[in-house]
Amino acid sequence: MNIGKIYLNPKKEESLLRFHPWVFSGAVASVSRPAKEGDLVEVYDSTGRFLGIGHYQAGSIAVRILSFRPVAIDHVFWTSRLRAAYDLRRALGLCTADNDTFRLVYGEGDMLAGLIIDIYGQTAVMQAHSAGMHHMRTAVATALKEVLGDALQNIYYKSEGTLPFKAALGQENEYLLGGEQKDAVATERGLRFHIDWLKGQKTGFFVDQRESRALVEQYAHGRSVLNMFCYTGGFSVYAMRGNAITVHSVDSSAKAIALTEKNVGLNFPDDARHRAFAADAFDFLEETGDQYDLIVLDPPAFAKHKNVLRNALQGYRKLNALAIEKIKSGGILFTFSCSQVVTKNDFRLAVFSAAARSGRHIRILHQLTQPADHPVNIYHPEGEYLKGLVLYVE
């Protein structure tokens, strides 16, 4: 394989020497030959010292590094990286009969920049966030099957909405192994969920909230629970197992409400404690009384780009102000942001502003983040995106 070479401007190698896996376009001095989106390239400093090998891409991030050592990106490479990721999840106790739902690969956190793989029972759902990983999808799928063996029967490639549109790859979602499952059910901490990886959001289920859902279960006993932006109803199902008195699920999507009711019925058939509402979150909170003493706010990303950060923070302030106003005295508020451009301090300040306007006495019980199967590369802090606070409101 003829691999291109990229040379950096003087003194632009410091971040790579600190193992940050991105090369920004402004650091690039020259390219040995024209590089196409997704090509493998080697990166060198201005003196010709090797720094890393990775995938080239157009835009502000010019290269996503796969290795800081001169290695072949071949079958051995893919199997070794995937096996290391799988060994970590097994060490975390995630690969059991009671839990077959987890993230196997989290991009830079598993030293596989641009790749996401979620496991739902015998199915892996793979997403590429770079043209390079798209081009390598068959090689990754082959290695994945070798690592997981008979535990893996299906690989669904779902990258139509995650690939850089400028690459013009014309990608359609497809099975790389196996075929369509008509009624797929996966297990998380002993609870069962229908997973719609074909048409659902992201890979079909928000695996990053597993630990937070378990914490809701701990607090739910004897409480009236409101689960806003419920999507698949994960928090609702956990709250019901935690012996909540009532659980109400709200989402603006009628499809999400149908999926929530399906998941509640799968675990708690004909249980009158649960009701679901297709409604706008802000309108529902405005119109509700003070009947809830546990509220979960887990909205979709309010900001995907920095140019809308200000509006996003206003949205978080308004949403949390409504919840704080409505929750019963002695209530527990779980509030989250999954917006990567919203920092922990940004989010905490937004919630603080909402709390200050309420005049209520509020204490922080927990500060939450993504679980261990979404590991943050210590050299790549950008990998931390999920922020959560658990508040006690008097």
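All residue numbers in this chain count up from 1 along the given sequence. Side-chain atoms are counted along with the backbone in the values below, which use heavy atoms only and exclude waters and symmetry mates.
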Enquirer: Using a 4.5 Å cut-off on heavy atoms from C-beta on, say whether the side chain of F235 contacts that of D298.
Expert: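 Yes - at least one pair of side-chain heavy atoms lies under 4.5 Å apart.
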Enquirer: Could you tell me the separation between the OG atom of S159 and the NE2 atom of H129, rounded to the nearest 0.5 Å?
Expert: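 With rounding to 0.5 Å, OG (S159) is 7.0 Å from NE2 (H129).
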Enquirer: Start with the C-alpha gap between E174 and R137, add the side-chain angles, then the distance that decides, and say whether salt bridge (Lys or Arg N to Asp or Glu O under 4.0 Å) holds.
Expert: CA-CA 11 Å; E174 61 179 335; R137 64 193 183 281; 3.7 Å; yes
Enquirer: Taking N99 for its side chain and E188 for its backbone only, find out whether a donor-acceptor pair lies under 3.5 Å.
Expert: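 A pair under 3.5 Å: no.
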Enquirer: Under 4.5 Å between side-chain heavy atoms, counting indirect links through other Ile/Leu/Val/Met/Phe/Trp/Tyr residues: same cluster for L144 and L94 or not?
Expert: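 Per the 4.5 Å side-chain linkage, L144 and L94 are co-clustered.
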Enquirer: Of the non-hydrogen atoms in I257 and A276, which two are nearest, and what is the gap between them?
Expert: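 Taking I257 first and A276 second, the nearest heavy atoms are CG2-CB, 3.7 Å.
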Enquirer: Would you check if Q57 and V63 make a side-chain contact, meaning some heavy-atom pair closer than 4.5 Å?
Expert: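 Contact flag for Q57/V63 side chains = no.
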Enquirer: Using a strict threshold of under 4.0 Å (side-chain N to carboxylate O), is an ion pair present between K328 and E394?
Expert: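 Salt bridge flag = no for K328 with E394.
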Enquirer: Consider only side-chain N and O atoms of T47 and D45, and report whether a donor and an acceptor are under 3.5 Å apart.
Expert: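 Their side chains do contain a donor-acceptor pair, which is all the 3.5 Å distance test asks for.
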Enquirer: Specify the closest pair of heavy atoms between W78 and A143, including all atoms of both residues, with the distance to one decimal.
Expert: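 That would be CB-CB, 3.6 Å.
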Enquirer: Is a donor on one side and an acceptor on the other found under 3.5 Å between the side chain of N263 and the backbone of H194?
Expert: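 Yes; judged by distance alone, with no hydrogens or angles, the pair exists.
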Enquirer: If you measure from the Lys or Arg side-chain nitrogens to the Asp or Glu carboxylate oxygens, is any gap between R90 and D87 under 4.0 Å?
Expert: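 D87 and R90: salt-bridged.
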Enquirer: Taking 4.0 angstrom as the limit, do E108 and R64 come out as a salt bridge?
Expert: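 Yes, E108 and R64 are salt-bridged.
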Enquirer: Using a 3.5 Å distance criterion without hydrogens, assess whether the side chain of R223 forms a donor-acceptor pair with backbone atoms of D293.
Expert: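 Between the backbone of D293 and the side chain of R223 there is a qualifying donor-acceptor contact (under 3.5 Å).
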Enquirer: Mind listing the closest non-hydrogen atom pair of V31 and V28 along with its distance?
Expert: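 Smallest heavy-atom distance, with atoms named: CG2-CG1, 4.3 Å.
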Enquirer: Within a radius of less than 6.0 Å around OH of Y379, do more than 12 heavy atoms belonging to other residues, nucleotides or ligands occur?
Expert: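 No - once you tally the heavy atoms of other residues, nucleotides and ligands closer than 6.0 Å, there are 12 at most.
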Enquirer: If you round to the nearest 0.5 Å, how far is CZ of R360 from OG of S329?
Expert: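 Spacing of OG (S329) from CZ (R360) equals 6.0 Å.
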Enquirer: Less than 4.5 Å apart, any side-chain heavy atom of L319 and any of T335?
Expert: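 No, their side chains stay 4.5 Å or more apart.
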Enquirer: So does M240 have more than 12 non-hydrogen atoms from other groups sitting under 6.0 Å from CE?
Expert: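 Yes, CE of M240 has more than 12 neighbouring heavy atoms, counting only those of other groups under 6.0 Å.
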Enquirer: Just by distance, with hydrogens left out, do Y219 and H366 show a side-chain donor and acceptor under 3.5 Å apart?
Expert: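 The criterion, which ignores hydrogens and geometry beyond distance, is satisfied for H366 and Y219.
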Enquirer: Donor-acceptor pair, S224 side chain versus Y292 backbone, under 3.5 Å?
Expert: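 Not confirmed, S224 side chain does not pair with Y292 backbone.
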Enquirer: For residues G315 and F302, report the shortest heavy-atom separation together with the two atoms involved.
Expert: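 Scanning both residues, the minimum pair turns out to be C-CE1, 3.7 Å.
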Enquirer: Any chance the rings of F277 and H248 have centres within less than 6.0 Å?
Expert: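 Yes - the distance between ring centres of F277 and H248 falls below the 6.0 Å cut-off.
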Enquirer: Determine yes or no for a side-chain-to-main-chain donor-acceptor pair under 3.5 angstrom, with T260 supplying the side chain and Y231 the backbone.
Expert: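 Indeed, once roles are kept as given, a pair shorter than 3.5 Å links the two residues.
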Enquirer: Assess whether salt bridge (Lys or Arg N to Asp or Glu O under 4.0 Å) is satisfied between R103 and D118, documenting all intermediate values.
Expert: CA-CA 4 Å; R103 177 150 292 182; D118 286 339; 2.6 Å; yes
Enquirer: Just by distance, with hydrogens left out, do H274 and S249 show a side-chain donor and acceptor under 3.5 Å apart?
Expert: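 Side chains of H274 and S249: pair found under 3.5 Å.
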Enquirer: For the pair E217 and R189, find out whether any cationic side-chain nitrogen is under 4.0 Å from an anionic carboxylate oxygen.
Expert: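 Answer for the salt bridge query: no.
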Enquirer: Are Y175 and Y157 an aromatic pair by the rule of ring centers under 6.0 Å?
Expert: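 Between Y175 and Y157, the centre distance exceeds or equals 6.0 Å.
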Enquirer: Between N173 and E160, is there a donor-acceptor pair closer than 3.5 Å when you use the side chain of the first and the backbone of the second?
Expert: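 Judged by distance alone, yes, a pair lies under 3.5 Å.
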Enquirer: Please tell me whether W22 and V43 are part of a single hydrophobic cluster in this structure, the criterion being side-chain heavy atoms less than 4.5 Å apart.
Expert: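 No, W22 does not connect to V43 through the hydrophobic network.
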Enquirer: Quick check against the 3.5 Å criterion: does S46 have a side-chain atom that pairs as donor or acceptor with the backbone of L8?
Expert: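 Pair absent, no side-chain N/O of S46 close to backbone of L8.
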Enquirer: Ignoring hydrogens, what is the shortest heavy-atom contact between T187 and D98? Give both atom names and the distance.
Expert: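 Smallest interatomic distance, heavy atoms only, reads CG2-O, 3.1 Å.
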Enquirer: Which label fits H374 and Y385: parallel for a plane angle under 30°, tilted from 30 to 60°, or perpendicular past 60°?
Expert: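 Because their plane-to-plane angle lies in the 30° to 60° range, the rings of H374 and Y385 count as tilted.
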Enquirer: Quick check: does any side chain N or O of N9 sit under 3.5 Å from a backbone N or O of K12, one acting as donor and the other as acceptor?
Expert: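 Answer holds: no.
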Enquirer: With rounding to the nearest 0.5 angstrom, report the CZ to CG distance, R317 to L322.
Expert: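 Interatomic distance, R317 CZ to L322 CG, rounded to 0.5 Å: 13.5 Å.
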Enquirer: Mind checking salt bridge (charged side-chain N to carboxylate O under 4.0 Å, His left out) for R273 and listing every partner two or more places apart, or none if nothing turns up?
Expert: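 Counting only residues at least two positions away or on another chain, R273 forms a salt bridge (charged side-chain N to carboxylate O under 4.0 Å, His left out) with D271.
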Enquirer: Is it true that the NZ or CZ of R83 lies under 6.0 Å from the centre of Y86's six-membered ring and within 45 degrees of the ring axis?
Expert: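 So R83 doesn't make the cation-pi contact.
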Enquirer: What's the spacing between L82 CG and L115 CG if we round to 0.5 Å?
Expert: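 Between L82 CG and L115 CG, I get 7.0 Å after rounding to 0.5 Å.
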Enquirer: About how many Å separate CG of D208 and CD of E211, when rounded to the nearest 0.5 Å?
Expert: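 Rounded to the nearest 0.5 Å, the CD-CG separation comes out at 11.0 Å.
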Enquirer: Decide, yes or no, whether a salt bridge links E13 with R18 under the criterion of side-chain N to carboxylate O below 4.0 Å.
Expert: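 Here E13 does not pair with R18 in a salt bridge, since their nearest N and O are not under 4.0 Å apart.
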Enquirer: Do L333 and V390 come within less than 4.5 Å of each other through their side chains, counting heavy atoms only?
Expert: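 Heavy-atom side-chain distance check fails, nothing below 4.5 Å.
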Enquirer: May I ask you to test the S339-Y316 pair for a side-chain heavy-atom distance under 4.5 Å?
Expert: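 Side-chain contact under 4.5 Å: yes.
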Enquirer: When hydrophobic residues are tied together by side-chain contacts of less than 4.5 Å, even through go-betweens, does Y106 share a cluster with I65?
Expert: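 Looking at the clustering, I65 is in a separate group from Y106.
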Enquirer: Take atom CZ in F77; do more than 12 heavy atoms of anything else shown fall under 6.0 Å from it?
Expert: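 Atom CZ in F77 is crowded, with more than 12 foreign heavy atoms closer than 6.0 Å.
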Enquirer: State whether D110 and R89 are salt-bridged, where the test is any N-O pair (Lys NZ or Arg NE/NH1/NH2 against Asp/Glu carboxylate O) under 4.0 Å.
Expert: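 The answer is yes: the pair qualifies as a salt bridge.
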Enquirer: Measure the shortest side-chain to side-chain distance between V125 and I117 over non-hydrogen atoms and say whether it is less than 4.5 angstrom.
Expert: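 Side chain of V125 against side chain of I117, heavy atoms only: no contact under 4.5 Å found.
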Enquirer: Hey, are the side chains of D346 and L313 touching, using non-hydrogen atoms and a 4.5 Å cut-off?
Expert: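 A side-chain contact under 4.5 Å exists here.
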Enquirer: Quick one: does any side-chain atom of Q209 pair with a main-chain N or O of R213 as donor and acceptor, under 3.5 Å?
Expert: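 No; judged by distance alone, with no hydrogens or angles, the pair does not exist.
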Enquirer: What's the shortest heavy-atom distance between E37 and A131, and which atoms?
Expert: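 That would be CG-CB, 3.3 Å.
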Enquirer: Hey, could you give me the CE/CD1 distance between M133 and I116, rounded to the nearest 0.5 Å?
Expert: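 Nearest 0.5 Å value for the CE-CD1 distance: 10.0 Å.
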Enquirer: For the side chain of K344 and the backbone of R348, is there at least one donor-acceptor N/O pair under 3.5 Å apart?
Expert: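 Not at all, since once roles are kept as given, no pair shorter than 3.5 Å links the two residues.
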Enquirer: Any non-hydrogen side-chain atom of L391 less than 4.5 Å from a side-chain atom of I332?
Expert: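 L391 vs I332: side chains apart.
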Enquirer: Determine, step by step, whether N227 and V250 satisfy the side-chain contact (heavy atoms from CB on, under 4.5 Å) criterion, reporting the C-alpha distance in whole Å, the side-chain angles of both residues, the deciding distance to 0.1 Å, and the verdict.
Expert: CA-CA 6 Å; N227 179 17; V250 179; over 6 Å; no
Enquirer: Same cluster for Y392 and V225 if Ile/Leu/Val/Met/Phe/Trp/Tyr side chains link at under 4.5 Å?
Expert: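 Yes; tracing contacts between hydrophobic side chains, which count when under 4.5 Å, links both residues.
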Enquirer: Between R210 and D373 (salt bridge meaning N to carboxylate O under 4.0 Å), is one present in this structure?
Expert: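 The answer is yes: the pair qualifies as a salt bridge.
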Enquirer: Taking the six-membered ring for Trp, are the ring centroids of H20 and F68 within less than 6.0 Å of each other?
Expert: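 Not close enough - the centres of the two rings lie 6.0 Å or further apart.
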Enquirer: Does atom NE2 of H221 have more than 12 heavy-atom neighbours from other groups under 6.0 Å away?
Expert: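 Incorrect, the count does not exceed 12.
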